[in-house]
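Report on the structure given below.
Heavy-atom basis, side chains included; hydrogens, waters and symmetry copies ignored.
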Amino acid sequence: VGSSLEGHVTPIRGGVSLDMMRMNRVLAIHPQDLDAVVQPGVTRKELNAALKGTGLFFPVDPGADASLGGMAATRASGTNAVRYGTMKDAVLGLEAVLADGRIIRTGGRTKKSSAGYDLTRLLVGSEGTLGIITELTLRLHGLPEAISAAVCAFPGVEAAVTTVIETIQMGLPVARIEFLDEAQIAACNAYSKLDLAIAPTLFLEFHGSDTAVAEQAETFGEIARDHGATGFDWAAREEDRNRLWAARHDAYWAAKAASPGAGVYVTDACVPISRLAECLLETRADIDASPLTGMMVGHVGDGNFHVVLLIDPNSEADAREVERLTARIAERALAMDGTVTGEHGVGLGKMRFMRAEHGPALDAMAEIKRALDPLNILNPGKIVEIN
């Protein structure tokens with residue numbers, strides 16, 4: 001739907017843009033096998049609407065009602081990734097058209113295979129540079145019997161992230177665990193009419209049976225209180241949960257509303273969870289020392305976080321400062337054995353860091369690109385440059 005954050009769909013060399021939104025049919029649902037076959041223009045909300053009554057759902061949730069083809073092309077993720085994984089885990093197989101017009105099918109409907117190269121995962125995340133995805137076979141999950149969501153505030157970033165680390169290390173099957181810093185909470189309060197404490201905050205959700213959810217919530221509460229958490233607000237009713245997660249998903253719009261007329265620049269990085277608190281604190285210090293206003297949110301259960309910067313879109317000085325800050329965030333993530341992007345993808349914005357992250361493996365990527373698209377006609381100038 002053209003909503004990419006790193007310029008994936010920007011036609012820097014002209015050419016033809018393919019709009020897949022009319023390829024929007026759910027082709028098959030196999031409830032007994034927990035899978036569905038869809039065309040690339042189907043959005044995640046449309047798929048879940050088609051699954052009503054089956055007892056199943058599709059869990060990958062990047063926030064926006066993105067198209068499933070675009071989500072596969074960018075290896076999208078979201079708030080549920082800590083439990084259900086990302087699009088690389090959700091795509092069982094696909095159909096794609098290659099640069100020379102050949103139509104290939106990869107993977108299938110089985111849950112595993114040892115037959116040949118994993119072309120499915122090669123194409124998932126290739127951002128349109130290796131083939132055009134025209135069909136997807138997706139893994140589904142059973143709707144949980146019970147869901148409980150909560151919000152709690154912490155005295156500092158380190159306390160919040162340490163709580164997350166201990167929760168994950170204890171093996172609690174948390175479905176979502178999201179971090180918002182003070183600046184983002186203040187913006188969400190104003191935009192979504194909330195009255196949360198202005199403090200580093202976790203939003204979380206547990207899925208399972210009634211008994212399991214209650215036990216998980218109790219254990220998490222003990223861990224969080226040990227680290228100074230306060231203001232627990234548990235929501236079991238669907239409308240209350242939806243209100244909380246709507247506020248989290250509206251974080252971008254809340255940030256934008258905090259400074260009317262400002263542009264919004266968003267970047268992401270991902271580090272091993274043991275380095276997350278350190279990474280967030282250093283990033284916050286960078287933002288505080290900058291002339292720009294910035295906020296942080298993150299899918300902290302898997303070490304992924306986003307920085308939201310408010311800028312004057314007409315200011316060259318702001319553009320230079322964005323470039324400087326995003327470079328520091330990326331370089332810090334790499335120094336901590338992380339990645340320059342956990343879910344936004346490479347597009348144009350992160351190409352300058354690909355050599356630093358991948359080293360000689362980037363040359364292997366270029367060889368794959370040349371083999372499948374020797375004329376460089378599929379989204380040229382993205383991910384890897386070839387001559």
Side-chain angles (χ1 to χ4, degrees), residues 1 3 42-68 71 76-86 90 140-153 164 167 172-181 184-197 201-210 212-214 216-217 220-221 224 229 231-258 295 297-302 304 306 308 343:
V1 295
S3 59
V42 176
T43 69
R44 66 175 186 88
K45 288 184 179 179
E46 288 172 343
L47 175 56
N48 278 318
L51 293 172
K52 283 192 182 300
T54 65
L56 303 173
F57 80 118
F58 180 73
V60 183
D61 176 7
D65 189 21
S67 67
L68 293 163
M71 288 169 63
S77 181
T79 58
N80 283 320
V82 65
R83 175 156 181 172
Y84 297 102
T86 72
L140 306 177
H141 293 264
L143 284 167
E145 175 186 331
I147 301 175
S148 184
V151 177
C152 55
V164 174
T167 299
L172 280 182
V174 61
R176 310 189 200 192
I177 188 159
E178 299 286 297
F179 169 81
L180 293 80
D181 73 356
Q184 186 64 68
I185 286 292
C188 286
N189 276 349
Y191 185 81
S192 298
K193 307 295 189 292
L194 303 176
D195 58 356
L196 301 173
T201 298
L202 294 180
F203 284 39
L204 63 147
E205 190 169 273
F206 293 104
H207 295 178
S209 66
D210 288 321
V213 164
Q216 293 160 15
F220 173 82
F232 277 91
D233 182 8
W234 290 96
R237 293 193 311 163
E238 183 176 4
E239 55 267 36
D240 295 333
R241 295 197 317 272
N242 288 345
R243 181 169 174 262
L244 287 178
W245 288 112
R248 166 61 185 90
H249 283 323
D250 286 343
Y252 172 92
W253 302 108
K256 191 172 179 65
M295 307 168 191
V297 300
H299 313 311
V300 287
D302 46 22
N304 188 204
H306 309 265
V308 183
E343 63 182 12

What's the separation between atom [atom1] in [X] and atom [atom2] in [Y], rounded to the nearest 0.5 Å?
X: Met71; Y: Leu47; atom1: CE; atom2: CG; answer: 9.5 Å
X: Asp61; Y: Phe58; atom1: CG; atom2: CZ; answer: 10.0 Å
X: Asn304; Y: Ser77; atom1: CG; atom2: OG; answer: 6.5 Å
X: Glu238; Y: Ile147; atom1: CD; atom2: CD1; answer: 7.5 Å
X: Thr167; Y: Ile177; atom1: OG1; atom2: CD1; answer: 5.0 Å

Show the nearest heavy-atom pair for residues [X] and [Y], with the distance to one decimal.
X: Ala255; Y: Met295; answer: CB-SD, 3.7 Å
X: Phe57; Y: Gly142; answer: CE2-O, 3.5 Å
X: Asp65; Y: Lys45; answer: OD1-N, 3.0 Å
X: Phe203; Y: Leu196; answer: CZ-CD1, 3.9 Å
X: Thr86; Y: Ala81; answer: CG2-CB, 4.2 Å
X: Ala197; Y: Ile185; answer: O-CG2, 3.3 Å

**Request:** Step by step, work out the side chain to side chain contact (heavy atoms under 4.5 Å, CB included) result for His249 and Thr79.
**Result:** CA-CA 9 Å; His249 283 323; Thr79 58; 3.7 Å; yes
**Asked** Hey, does Glu178 have a side-chain heavy atom less than 4.5 Å from the side chain of Trp245?
**Response**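 Contact flag for Trp245/Glu178 side chains = yes.
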**Request:** Please examine the side chains of Tyr191 and Asp250, heavy atoms only from C-beta on, and report whether any two atoms are closer than 4.5 Å.
**Result:**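 Yes, their side chains come closer than 4.5 Å.
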**Item:** Residues Arg176, His299; criterion side chain to side chain contact (heavy atoms under 4.5 Å, CB included); working and verdict
**Value:** CA-CA 8 Å; Arg176 310 189 200 192; His299 313 311; over 6 Å; no
**Prompt:** Any idea how His207 and Tyr84 line up, ring-wise: parallel (<30°), tilted (30 to 60°), or perpendicular (>60°)?
**Reply:**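 Tilted, since the angle between the ring planes falls between 30° and 60°.
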**Request:** For Trp234, look at atom CH2 and say whether over 12 heavy atoms of other residues, nucleotides or ligands are found less than 6.0 Å away.
**Result:**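 For Trp234, atom CH2 is crowded (more than 12 foreign heavy atoms under 6.0 Å).
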**Prompt:** For Arg243, does the CZ atom sit with more than 12 other heavy atoms under 6.0 Å from it, leaving out its own atoms?
**Reply:**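 Not more than 12 within 6.0 Å, no.
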Test item: [X] side-chain N/O and [Y] main-chain N/O as donor-acceptor pair under 3.5 Å:
X: Arg44; Y: Ala64; value: yes
X: Arg83; Y: Pro173; value: yes
X: Gln216; Y: Val174; value: no

**Message:** side chain to side chain contact (heavy atoms under 4.5 Å, CB included) for Val60 and Leu68? Distances and angles first, verdict last.
**Reply:** CA-CA 10 Å; Val60 183; Leu68 293 163; over 6 Å; no
**Residue pair Leu180, Arg248: steps toward the side chain to side chain contact (heavy atoms under 4.5 Å, CB included) verdict** = CA-CA 8 Å; Leu180 293 80; Arg248 166 61 185 90; 4.0 Å; yes
